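Residue numbers start from 1 in every chain, and the chains themselves are labelled A, B, ... in the order their sequence lines are given, proteins ahead of strands. For clarity, every value in this text was computed on a predicted model and none was experimentally measured.
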Amino acid sequence: MAGRGGRGRGRRMMSFSVEAVGINRGDSLPPSIQQPTPLYPVMEHKPLPLTGGEEVEYLLALKQEFRGAMKSLPFFIQPAAAHRDVERYSDKYHSSEQTDSQMDWNPDWKRFPKELRVHVRKTPKDGVAAVRSSKAASGPKKKKVKEKEEVLIKLESLEKKEEQESSEEEEGEEKKKQEEEEAEAEEEYDEEEFEEETDYIMSYFDNGEEFGGDSDENMDEAIY
Amino acid sequence: MHRGTAKPQRARPEVLSVSLCVGKMTAQEVRLCGLLLREHFGEVVEKVGTHLVKNGAQNLRTIIHETGLSLDLIKKSLCVLVQHGVCVFRSGRRGPGSPTEYRTCPDLILRILRYPRYIYTAKTLYGDTGELIIEELLQRGHMTMSGTVKTVADRLTQNMEEGRSMDYNEVTSAFSKLVETHFLQRCPPMAAAAAKTDTATPATPATPGTPAAPVSTTLPTPESFPDCYKVPHVTLIGRGKRQLSTEDGEDQRNAKRPKLDTENHGDEGIYWQVNFERFHLHFRDQAIIGAVANKLDQTSSEIVRTMLRMSEVTTLPTATCTKPLSANEIFKSLPATYNIPRPILDQYLTLLVDDPMEFVGKAGESGGGMYVVNLNRALANLARATLESVVQERFGSRSARIFRLLLRKRHLEQKQVEDFAMIPAKEAKDMLYTLLSQNLVQLQEIPKTPDYAPSRTFYLYTVNQLPTARMLLQNSFKTVANLIERRLFESSNSKRLLEKSQRIEAILASLQASGAEPEQLTEVEEMITAPEKQQLESLRLHINKLDSAENQVDETIFLLESYVNSTATSTS
């Protein structure tokens with residue numbers, strides 16, 4: 001565009017003829033913009049109102065109802081409750097509320113991959129049971145327990161027994177028993193379902209949150 | 001190369017599968033998927049789901065590694081995703097014994113947005129029973145027929161007046177009708193799916209260098225199983241049961257839970273899911289019928305409706321147009337209530353064929369004229385109309401005139417645009433550049449000489465309908481995500497107020513149930529002050545508006561999506 005150089009003195013040179021884009025001889029070029037476009041640009045045209053009517057209303061109701069219903073279904077998974085500053089008396093009631101909804105889902109495990117088979121732990125019925133079970137489970141090797149249903153039932157019956165016999169020594173014995181039971185269960189489990197993946201340490205990924213958690217403090221209380 | 005022995009090699013196919021999947025989704029889709037999952041399944045599932053969407057097929061271990069969630073939660077989330085048909089899994093993709101891989105697809109998750117519409121359609125077609133059947137199935141992913149029938153019957157009984165109840169038989173027949181019309185289908189049986197992978201896997205170890213990517217892309221569709229639409233014989237006699245204590249929401253929730261009875265109904269292990277594709281075909285037909293009614297008149301829309309209904313069974317879901325129908329056949333199939341005499345029908349058909357929207361085409365002269373409904377062309381034209389109206393509403397009718405002009409004339413120089421649109425040059429340029437900067441209009445350079453000198457180059461403006469439709473589709477996804485985000489913000493802003501009103505409502509309900517004095521009730525009611533009430537009211541209004549907007553944007557999404565998909569099928 002050297003031929004037109006005379007016109008562009010004191011002004012940025014364009015590589016094309018500016019007339020073609022509608023800027024005439026006397027006009028100044030629009031100022032360059034050196035900031036991002038606004039987050040909420042001004043709307044030049046007002047948007048049309050939403051359509052109304054019976055169908056729309058019904059769809060709206062369906063949508064809101066569906067969303068509400070999903071929240072109460074077992075498929076709505078609550079994150080593990082965050083550790084709060086202090087343990088509160090009301091905590092155990094909240095936790096039972098949360099897990100409650102997860103109890104009534106009995107999937108047909110034939111339709112799921114084997115490795116996903118997880119058994120929902122029964123929520124402890126009272127504070128003592130919670131302490132006991134968590135205490136029994138939080139042993140050093142117990143971190144990766146994915147128990148089988150029957151073991152769970154066994155455990156529970158053991159727990160009940162435990163409650164009746166309240167002496168400390170016996171509890172210790174029971175604990176050992178439970179540990180044995182669980183160890184057995186683990187062995188069974190490994191053999192059956194994880195044969196192929198022996199190069200992984202099964203326990204690696206679990207941080208043990210499910211078993212440790214706030215009930216650790218509880219445990220202290222119970223002992224002293 | 002040997003597979004599976006060393007870890008670095010394990011990583012490679014993963015990279016490949018990631019790149020296979022990345023091309024299919026965008027940041028907007030991922031964001032919307034995340035929001036939808038959070039709203040319906042909670043934050044944990046959201047995390048697992050978006051991780052799968054972003055990274056493609058992954059095995060359990062990788063998911064644990066990369067999301068940092070606990071094993072237990074991830075297992076549950078995956079179960080939830082699989083249960084709702086959002087996630088598919090298959091093992092042995094990389095040779096026998098390799099870990100199970102989980103895959104999800106944004107399209108599957110985005111269907112959640114359309115759930116209200118599926119339910120509503122079932123209601124219009126099959127009444128309350130159909131509505132509840134679809135609703136239950138959508139809420140629970142898949143269910144057995146007997147389970148669905150019982151739950152629905154119980155729910156219907158709940159809503160009936162005292163002393164009456166719903167017969168299982170009625171629900172069963174509604175269910176069978178939904179299956180007959182293919183709105184419901186069987187979930188593909190697991191054994192068959194496993195057998196499929198078994199036959200597929202022996203091929204993979206033979207060629208270790210090539211990861212078995214094609215295997216993973218050809219998932220068995222439910223329709224590939226012969227029994228897909230076969231209703232099993234179910235022995236189910238009885239009536240819906242009424243929950244004895246009908247006090248508050250807690251009990252209604254209990255009523256919804258499927259009863260865990262041990263009796264056999266003869267359909268154990270046969271699970272049913274909603275056939276979304278069938279619903280989409282129905283939506284497409286409805287969109288065409290609605291468009292004809294708007295463009296021409298009610299009578300012609302009824303003719304098109306008859307044609308679509310006649311070819312419902314004979315036309316493949318991916319067909320570009322319906323099977324040809326003769327005018328005689330159409331005439332015979334027209335419901336007598338329409339009262340359209342034969343000569344009038346012929347006139348209407350000619351009118352439909354001549355219409356520029358090309359909904360109906362003429363395929364031949366035999367049998368008094370053979371007619372087809374141009375499904376794909378109708379979709380393309382509807383999508384074009386959508387684009388035009390978007391330009392019109394955002395940039396004004398004169399910009400829309402330029403846009404339409406470019407659509408019709410394909411390529412125009414700037415000067416021609418100004419002349420043909422009959423808009424003053426300066427304004428026309430302004431509008432054209434605005435459209436160009438918004439990517440609604442594209443610029444094509446055609447140089448006369450190879451040096452691309454501007455003075456010797458033609459600058460042609462053009463509109464590419466398909467890419468523009470894709471862009472608008474992405475914009476719509478963004479819009480919905482923004483709407484959801486805004487709604488969450490609004491409700492979290494007045495969380496305290498909402499909780500308070502909920503508590504008070506609960507108290508009121510329990511007081512009413514126990515037969516409290518009216519004064520007591522008003523006393524409790526007054527715990528919400530007038531300004532609070534006002535605030536709640538305006539919040540409700542806002543949320544309704546946002547929710548409604550989501551529904552309506554979804555209609556646009558559906559149209560654009562079907563158009564984009566239809567171009568994919570017609571080229572291949």
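With a 4.5 Å cut-off on non-hydrogen atoms, B/L81 does not touch chain A at all. For A/L48, the part lying under 4.5 angstrom from a heavy atom of chain B is the side chain only. In this structure, chain A has a heavy atom under 4.5 Å from the backbone of B/R38, while its side chain stays farther away. Heavy-atom distances place no part of B/I74 under 4.5 Å from chain A, backbone and side chain included. Looking at B/Q83, the atoms closer than 4.5 Å to chain A (heavy atoms on both sides) sit in the backbone and in the side chain alike. Only the backbone of B/F395 has a heavy atom closer than 4.5 Å to any heavy atom of chain A. When heavy atoms are compared at a cutoff of 4.5 Å, B/Y120 approaches chain A by way of both its backbone and its side chain.
Qualifying ring pair (Phe, Tyr, Trp, His ring centres under 6.0 Å) partners for A/F112, counting only residues two or more places apart in sequence or in other chains: A/W109. B/Y118 meets the ring pair (Phe, Tyr, Trp, His ring centres under 6.0 Å) test with B/F276, B/F279, B/H280, B/F283; sequence neighbours excluded.
Salt bridge present: B/E135 and B/R155 bring a charged side-chain N and a carboxylate O closer than 4.0 Å. A salt bridge between B/E39 and A/K71 is absent, with no side-chain N of the basic residue lying under 4.0 Å from a carboxylate O of the acidic one. Salt bridge annotation for B/K426-B/D430: absent, with no cationic side-chain nitrogen under 4.0 angstrom from a carboxylate oxygen.
Residue pairs meeting the side-chain hydrogen bond (donor to acceptor under 3.5 Å, both in side chains) criterion with at least one partner in residues 56-65 of chain A, sequence neighbours excluded, are A/Y58-B/K123, A/Y58-B/E131, A/K63-B/E550, A/Q64-B/N544, A/Q64-B/D547.
Between A/F66 and B/H40, the ring-plane angle classifies as tilted under the 30° and 60° cut-offs. Note on ring orientation: taking the six-membered ring where Trp is involved, the planes of B/Y461 and B/Y433 are tilted (angle from 30° to 60°).
For the set B/E43, B/E46, B/H142, the entry with the most heavy-atom pairs within less than 4.5 Å of chain A is B/H142.
Below 4.5 Å, heavy atoms of chain B meet heavy atoms from A/H45, all part of residues 35-45 of chain A.
In this structure a side-chain-to-backbone donor-acceptor pair under 3.5 Å is present from B/H84 to B/V80.
For B/N551 and B/S548, the side-chain atoms include no donor-acceptor pair closer than 3.5 Å.
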